[in-house]
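Here the structure is laid out as structure tokens; the discussion comes afterwards.
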Amino acid sequence: WIVKEHEWAAQLGEAAVPDVVATQVVRPHQEALADTLSYFLDRQDTERIQSCYAIFDDAGILPVLYATMRKHVESRVKDLMQSTDDSVLIEKLCQQHHIWHGLVTSGLHADPMMRDALHDGFEHGLSVRGTHMAQLLAQFAGAQLGRGMDTWIDDMLLIFRCLYEKDVFEVCYRHAFAQRLLQQCSHEAELVMLERLRQECGPDYTRQLETMHRDMDVSNELLHEFDSAHMPFEFDARVLSQSHWPAYEEIPLRLPPEMTSVLQRFEAFYEAKYKARSLHWCHALGSVVMQADFGRAGTKELVVNTLQAVVLLAFSTKHVLSYAELATRTGLPPASLDATLQSLTCGAPPTRVLCKSPAGRAVHKHDTFRVNEDLVPTARRICIPQSERPTTHTQQHAASSYVLVDRDMFLQAAVMRVLKRRTLVSLSDLLAEVGDQCRGRFALDHAELKHALERLMEKDCVERADEERHMYRYVP
């Protein structure tokens with residue numbers, strides 16, 4: 001209609017009706033009319049969205065519509081985060097983003113500025129719970145990739161691009177990625193995800209993840225070279241690059257002689273191959289498949305971790321053991337021993353391979369333990385859950401602490417790069433240049449930058465200029 005009216009006006013030499021409408025109606029009431037876009041977006045009314053866009057385009061006031069789009073998306077994202085359970089929040093956000101992206105393409109002529117408004121609105125909406133959203137996205141990605149599903153990768157990356165705290169996502173994703181690799185449930189989808197993250201954030205962002213994946217291939221090659229003949233049991237080892245994998249607690253453990261001899265044999269092979277390297281065993285990550293005779297309950301095949309296996313092997317010579325005897329035989333510290341015994345005595349009935357006296361969920365130093373010969377009849381193979389892990393709150397706190405330390409080191413390095421190049425620089429210029437280096441990992445906080453400057457001044461790497469106190473100088 002607008003095009004036809006302009007053609008008629010050109011032929012008649014008169015003012016076009018759309019120009020009159022734009023001057024007398026649209027521009028004076030542009031704010032109120034722009035709000036109708038939000039109404040049409042909620043109802044996914046493509047036809048009216050197209051009309052709204054055409055009217056504002058003809059009036060030359062599309063920036064008003066961009067602002068409305070930005071506010072609408074930000075508001076709806078915040079509402080969705082408040083009203084949706086965390087277990088399905090990422091999926092709902094992906095679906096909603098897909099809907100808006102379709103409306104921008106079909107109803108708003110794929111306007112690049114409108115796409116930017118959609119991105120900005122989504123970004124500001126997520127920033128309200130930025131750290132938590134990064135953790136949720138990492139969990140969602142891990143759940144999908146653990147099942148070998150790569151159909152969600154494009155949608156996950158749409159959300160990922162809108163995150164400020166990409167470094168938080170990397171830490172949480174790396175912890176989950178490590179578990180999937182060690183449990184050997186990694187799929188081709190993992191490599192697709194790594195390549196997409198590399199394209200998004202550069203090789204530095206995925207270097208540790210790629211090294212972790214490479215460690216698995218190197219471990220397979222080592223096992224192929226290792227002479228496993230005449231060994232008392234099947235043996236598998238994963239050699240991890242300590243600086244690239246998450247930090248794991250080294251729990252002291254007194255292994256049976258058969259296990260110790262095999263580990264020593266592998267250590268000798270490894271140290272002969274790599275002269276300057278040494279191995280540190282992380283027993284809490286190991287797993288064991290063992291057979292156990294439960295008397296009346298029969299023989300069962302147990303799938304346990306190394307700590308649980310050592311505790312169970314202590315009963316091979318004596319059927320009833322006290323807490324003190326188990327502590328002596330296993331060498332486990334109290335916290336680890338308590339968690340391991342609890343997993344063997346207080347789990348689901350089919351997994352209670354030990355009995356505790358007196359009964360109860362808590363483990364005490366005066367308790368005694370025995371083999372459960374009245375084990376509930378079940379399948380021949382029993383998978384016993386791992387010892388209790390730290391709570392989600394504890395894990396999140398640990399991840400947040402790691403991120404803060406990593407950010408401080410990153411900012412110190414960024415400041416040094418700027419000062420070595422320019423020698424003398426003002427705080428405002430430093431904020432701008434360091435902010436550019438941080439983009440793609442996290443949003444720069446002025447307080448964090450000032451803390452990094454203070455740390456560098458304590459190390460005598462940076463000093464304030466005597467003549468201008470707001471200027472900083474590199475100290476060679």
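Predicted model only: the values in this text are computed from it and were never measured.
Here the closest non-hydrogen pair linking L375 and P350 is CD1-O, 3.9 Å. P385 and T351 get closest at one heavy-atom pair: CD-CG2, 4.2 Å. Smallest separation of non-hydrogen atoms from L302 and L312: CD1-CD1, 3.8 Å. Summarising the geometry of S219 relative to A237, their closest heavy-atom pair is CB-O, 3.9 Å, with the distance given to 0.1 Å. Between S241 and D215, the shortest heavy-atom distance links the atoms N-OD2, 2.9 Å. Of all heavy-atom pairs spanning L126 and C162, the tightest one is CD1-CB, 3.7 Å.
Side-chain atoms of R70 never come within 3.5 Å of backbone atoms of A117 as a donor-acceptor pair (strictly under, hydrogens ignored). Of the possible donor and acceptor atoms, one in the side chain of T84 sits under 3.5 Å from a partner among the backbone N and O of L80. Put simply, the side chain of R381 never gets that close to the backbone of E301: no donor and acceptor are under 3.5 Å apart. Side chain of S75 to main chain of K71: no donor-acceptor pair is present (N/O by atom type, distance under 3.5 Å, no hydrogens or angles). Listed for the T328 side chain is a donor-acceptor partner under 3.5 Å among the backbone atoms of A324. Side-chain N or O atoms of N305 include none that pairs as donor or acceptor with a backbone N or O of G286 at under 3.5 Å. The backbone N or O of R198 sits nowhere less than 3.5 Å from a side-chain atom of T206 that would complete a donor-acceptor pair. Judged by distance alone, the side chain of Q342 and the main-chain N or O of R361 form a donor-acceptor pair under 3.5 Å. Remark: side-chain polar atoms of H175 are paired, donor with acceptor, to backbone N or O of V171 under 3.5 angstrom.
Salt bridge D367/K365: absent, no basic N to carboxylate O contact under 4.0 Å. Ion pairing between R422 and D429 holds under the 4.0 Å rule for side-chain N and carboxylate O. Taking 4.0 Å as the cut-off between side-chain N and carboxylate O, K275 and E271 do not count as a salt-bridged pair. In summary, E190 and R180 engage in a salt bridge, as defined by a charged side-chain N under 4.0 Å from a carboxylate O. Under a 4.0 Å N-O distance rule, the pair D204/R207 qualifies as a salt bridge. Using a cutoff of 4.0 Å between basic side-chain nitrogens and carboxylate oxygens, R161 and E123 are not scored as salt-bridged. Using a 4.0 Å cut-off between charged side-chain N and carboxylate O, K450 and E454 make no salt bridge.
Taking the side chain to side chain donor-acceptor pair (under 3.5 Å) definition, one finds that K166 meets it with nothing, sequence neighbours left out. Every residue two or more places apart in sequence or in another chain that forms a salt bridge (charged side-chain N to carboxylate O under 4.0 Å, His left out) with K318 is listed here: E325. Scored by the ring-ring contact (aromatic ring centres under 6.0 Å, His included) test, H97 finds F122 as partners (sequence neighbours excluded). Under the rule for a salt bridge (charged side-chain N to carboxylate O under 4.0 Å, His left out), the partners of R421 that lie at least two apart in sequence or sit in another chain are E433. By the ring-ring contact (aromatic ring centres under 6.0 Å, His included) test, W245 is found to be paired with no residue, residues two or more places apart in sequence or in another chain being considered. Evaluation of the ring-ring contact (aromatic ring centres under 6.0 Å, His included) rule for H224 yields no partner, not counting sequence neighbours. By the salt bridge (charged side-chain N to carboxylate O under 4.0 Å, His left out) test, D436 is found to be paired with R439, residues two or more places apart in sequence or in another chain being considered. Remark: F266 engages F226, F235, F269 in a ring-ring contact (aromatic ring centres under 6.0 Å, His included) (not counting sequence neighbours).
By the 30° and 60° cut-offs, the orientation of the rings of Y323 relative to F369 is tilted.
Looking at S428 and S426, their side chains do bring a donor and an acceptor atom within 3.5 Å of each other. Judged purely by distance below 3.5 Å, without hydrogens or angles, the side chains of Y66 and D111 pair a donor atom with an acceptor atom. Under 3.5 Å, the side chains of E195 and Q199 contain a donor-acceptor pair of N or O atoms. At a cut-off of 3.5 Å, with distance as the only test, no side-chain donor of R174 or H244 sits close to an acceptor on the other residue. In this model, a donor atom of one side chain and an acceptor atom of the other lie less than 3.5 Å apart for T317 and R329.
For the pair V311/L337, a side-chain contact is recorded, criterion being any heavy-atom separation below 4.5 Å from C-beta on. At least one side-chain heavy atom of R407 sits less than 4.5 Å from a side-chain heavy atom of D167. Inter-residue side-chain proximity for L209 and F177 is flagged as met; some heavy-atom pair is nearer than 4.5 Å. Here the side chains of N372 and C355 are in contact, with some heavy-atom distance below 4.5 Å. Put simply, the side chain of L307 reaches to within 4.5 Å of the side chain of L253, judged on heavy atoms. Contact annotation: the side chain of F233 approaches that of M259 to within less than 4.5 Å [non-hydrogen atoms, C-beta and beyond]. Contact check for L89 versus M81: side-chain heavy atoms found under the 4.5 Å cut-off.
Atom CD of E225 is surrounded by more than 12 heavy atoms from other residues, nucleotides or ligands within 6.0 Å. Residue M457 places its CE atom among more than 12 non-hydrogen atoms of other residues, nucleotides or ligands, all under 6.0 Å distant.
Screening residues 84-94 for salt bridge (charged side-chain N to carboxylate O under 4.0 Å, His left out) gives D86-R129 as the qualifying pairs, with residues at least two apart or on separate chains. Residue pairs meeting the salt bridge (charged side-chain N to carboxylate O under 4.0 Å, His left out) criterion with at least one member in residues 243-264: none, sequence neighbours excluded. Every pair passing side-chain hydrogen bond (donor to acceptor under 3.5 Å, both in side chains) that includes a residue from residues 280-292 is listed here, sequence neighbours excluded: E267-W281.
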ask   = So F160 and F169, ring pair (Phe, Tyr, Trp, His ring centres under 6.0 Å) or not? Walk me through it.
value = CA-CA 9 Å; F160 176 78; F169 173 88; 5.0 Å; yes
Candidate pair R352 and C346, rule side chain to side chain contact (heavy atoms under 4.5 Å, CB included), full reasoning = CA-CA 6 Å; R352 295 176 186 172; C346 303; 5.7 Å; no
ask   = Could you walk me through whether H101 and R115 pass the side-chain hydrogen bond (donor to acceptor under 3.5 Å, both in side chains) check?
value = CA-CA 8 Å; H101 188 271; R115 291 184 190 275; 2.9 Å; yes
Residue pair L444, Y164: steps toward the side chain to side chain contact (heavy atoms under 4.5 Å, CB included) verdict = CA-CA 9 Å; L444 178 60; Y164 285 141; over 6 Å; no
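No cation-pi contact links R196 to Y205, judged by a cut-off of 6.0 Å to the six-membered ring centre and 45° from its axis.
When the options N220, L285, V218, L222 are evaluated for a side-chain contact (heavy atoms from CB on, under 4.5 Å) with R238, the one that passes is N220.
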For residues 408-418, please give each side-chain donor-acceptor pair under 3.5 Å, one per line with the distance, not counting sequence neighbours.
{"residue": "D408", "atom": "OD2", "partner": "Q412", "partner atom": "NE2", "Å": "2.8"}
{"residue": "Q412", "atom": "OE1", "partner": "K459", "partner atom": "NZ", "Å": "2.8"}
{"residue": "R417", "atom": "NE", "partner": "Q437", "partner atom": "OE1", "Å": "3.0"}
{"residue": "R417", "atom": "NH2", "partner": "Q437", "partner atom": "OE1", "Å": "2.7"}

